[in-house]
Amino acid sequence: MLRQLKALGITGLIVLARDLLLTKLFFRNARLVRWPFLIRREGEIFIGPGLNTGPRLLLETRSVEAKLVIGKNFVANTDLHIGVIESVTIGNNVLVASGVFISDHSHGSYNPQNSSSPETPPNTRQLVSSPVRIGDNCWIGEKVAILPGVTIGKGTIIGAGSVVTNPIPEYVIAVGNPARVIKKYDPNKKSWKTSHDSSEHDIEV
């Protein structure tokens, strides 16, 4: 710890002291939230103890019905954006890399039963939502997008650059756009095994 503090230098120590002060003012149970951050609170936001985030955190509950729940010991790097108009729930001990986007809503509907017109300006289309849930002990990689209606099971890893559009089960590794399972954890053998729906060769992530 002493070595890490020395590596910050005088300027870094001043910034750290400022961020610790702001953390205690705005997030009493948090460990450290680095400045700048922006909280848009029209609905409810519940954050467990031990929150630790990098700069440019953006949390938005954009309706009075919106509810964002973040469990204990949540750790995120820079540029995390969570947007909620209905419900986003994140479990305990979740690790999030930089540039991650999590949203339970989109501008318009794009399924055959209820389609928004492309001739309508996107910003005027009705917001359509579906709850998002991320389980305990998940690791979300760099620049991942988690979109409306997604559930990610506990212990799962989402590889860098993935776009998650469908539910992902627990104890797997999923990558790609759209994200698909490439490995599953075998609790009996205590090892990760290539999923049957991936390629014939083992894929390292």
Side-chain angles (χ1 to χ4, degrees), residues 1-107 122-123 127 129 131-148 150 152 157-164 177:
M1 177 63 74
L2 184 59
R3 182 181 298 176
Q4 291 175 333
L5 291 175
K6 286 182 178 179
L8 289 174
I10 297 298
T11 302
L13 287 172
I14 293 172
V15 170
L16 177 60
R18 178 203 64 186
D19 291 348
L20 285 169
L21 177 60
L22 291 170
T23 297
K24 296 310 174 186
L25 286 174
F26 293 98
F27 305 91
R28 293 184 180 180
N29 294 324
R31 180 181 173 192
L32 177 61
V33 177
R34 291 171 177 83
W35 184 270
F37 58 84
L38 176 61
I39 310 298
R40 179 178 175 178
R41 188 196 300 262
E42 296 179 36
E44 298 179 296
I45 299 177
F46 300 95
I47 299 175
L51 177 73
N52 188 347
T53 74
R56 297 181 298 279
L57 170 69
L58 174 56
L59 303 180
E60 298 181 288
T61 51
R62 301 186 60 190
S63 73
V64 293
E65 298 84 10
K67 186 174 182 179
L68 170 61
V69 178
I70 298 176
K72 65 182 181 181
N73 301 323
F74 178 81
V75 178
N77 213 311
T78 59
D79 298 304
L80 170 63
H81 178 191
I82 303 177
V84 190
I85 67 169
E86 184 177 347
S87 173
V88 171
T89 303
I90 300 173
N92 300 321
N93 308 310
V94 172
L95 175 63
V96 176
S98 298
V100 170
F101 174 62
I102 302 170
S103 177
D104 71 344
H105 62 280
S106 66
H107 288 270
N123 199 42
L127 291 176
S129 67
V132 171
R133 183 172 182 85
I134 300 172
D136 296 344
N137 301 324
C138 286
W139 174 18
I140 310 300
E142 192 94 355
K143 300 189 186 312
V144 166
I146 298 173
L147 301 184
V150 163
I152 298 175
I157 299 168
I158 306 297
S162 297
V163 178
V164 188
N177 180 6

Legend entry - Rounded distance [0.5 Å steps], CG in Asp19 versus CG in Leu21: 9.5 Å
Table please: side-chain donor-acceptor pairs of residues 74-83 below 3.5 Å, with sequence neighbours left out.
residue, atom, partner, partner atom, Å
Asn77, OD1, Ser98, OG, 3.4
Thr78, OG1, Ser98, OG, 3.0
Asp79, OD1, Arg56, NE, 2.6
Asp79, OD2, Arg56, NH2, 3.2
His81, NE2, Glu60, OE1, 2.7

Legend entry - Spacing of Lys24 atom NZ and Leu32 atom CG [to the nearest 0.5 Å]: 8.5 Å
Legend entry - Whether Ser103 side chain and His105 backbone form a donor-acceptor pair below 3.5 Å: yes
Inset, instruction - Would you confirm whether Asn177, through its side chain, and Ser162, through its main-chain N or O, come within 3.5 Å as a donor-acceptor pair? - result: no
Legend entry - For the student: nearest non-hydrogen atoms of Ser87 and Val84, plus distance: N-CG1, 3.6 Å
Inset, instruction - Using a 4.5 Å cut-off on heavy atoms from C-beta on, say whether the side chain of Asn92 contacts that of Asn73. - result: no
Legend entry - Separation of Thr53 OG1 from Leu59 CG (nearest 0.5 Å): 8.0 Å
Inset, instruction - Starting at CD1 of Ile39, measure out to OG1 of Thr61 and round the result to the nearest 0.5 Å. - result: 9.0 Å
Legend entry - Donor-acceptor contact below 3.5 Å, side chain Asp104 vs main chain Val88: no
Inset, instruction - Could you point out which residue of Asp136, Ile70, Ile146, Val132 forms a side chain to side chain contact (heavy atoms under 4.5 Å, CB included) with Ile90? - result: Ile70
Legend entry - Pairwise side-chain contact, Ile140 with Ile102, heavy-atom cut-off 4.5 Å (strictly under): no
Inset, instruction - To the nearest 0.5 angstrom, please state how far the CG atom of Leu51 sits from the OG1 atom of Thr23. - result: 8.0 Å
Inset, instruction - Please tell me if the side chains of Arg18 and Leu22 come closer than 4.5 Å, counting only heavy atoms from C-beta onward. - result: yes
Legend entry - Nearest atoms (heavy-atom pairs only) where Ala97 meets Gly141: CB-C, 3.5 Å
Legend entry - Leu68 side, atom CG; Glu44 side, atom CD - distance, nearest 0.5 Å: 10.5 Å
Inset, instruction - Please list, chain by chain and in numerical order, all residues satisfying side chain to side chain contact (heavy atoms under 4.5 Å, CB included) with Arg133, sequence neighbours excluded. - result: Thr89, Thr151
Inset, instruction - Apply side-chain contact (heavy atoms from CB on, under 4.5 Å) to Val144 and Val164, showing your working. - result: CA-CA 8 Å; Val144 166; Val164 188; 4.3 Å; yes
Inset, instruction - Please step through side-chain contact (heavy atoms from CB on, under 4.5 Å) for the pair Val94 and Asn137, ending with a clear verdict. - result: CA-CA 5 Å; Val94 172; Asn137 301 324; over 6 Å; no
Inset, instruction - Please name the residue in the list Arg62, Lys67, Glu42 that meets the side chain to side chain contact (heavy atoms under 4.5 Å, CB included) test with Ile85. - result: Arg62
Legend entry - Exercise: identify the closest heavy-atom pair between Ser106 and Pro148: N-CG, 4.3 Å
Inset, instruction - Could you tell me whether the side chains of Asn52 and Arg34 share a donor-acceptor contact shorter than 3.5 Å? - result: yes
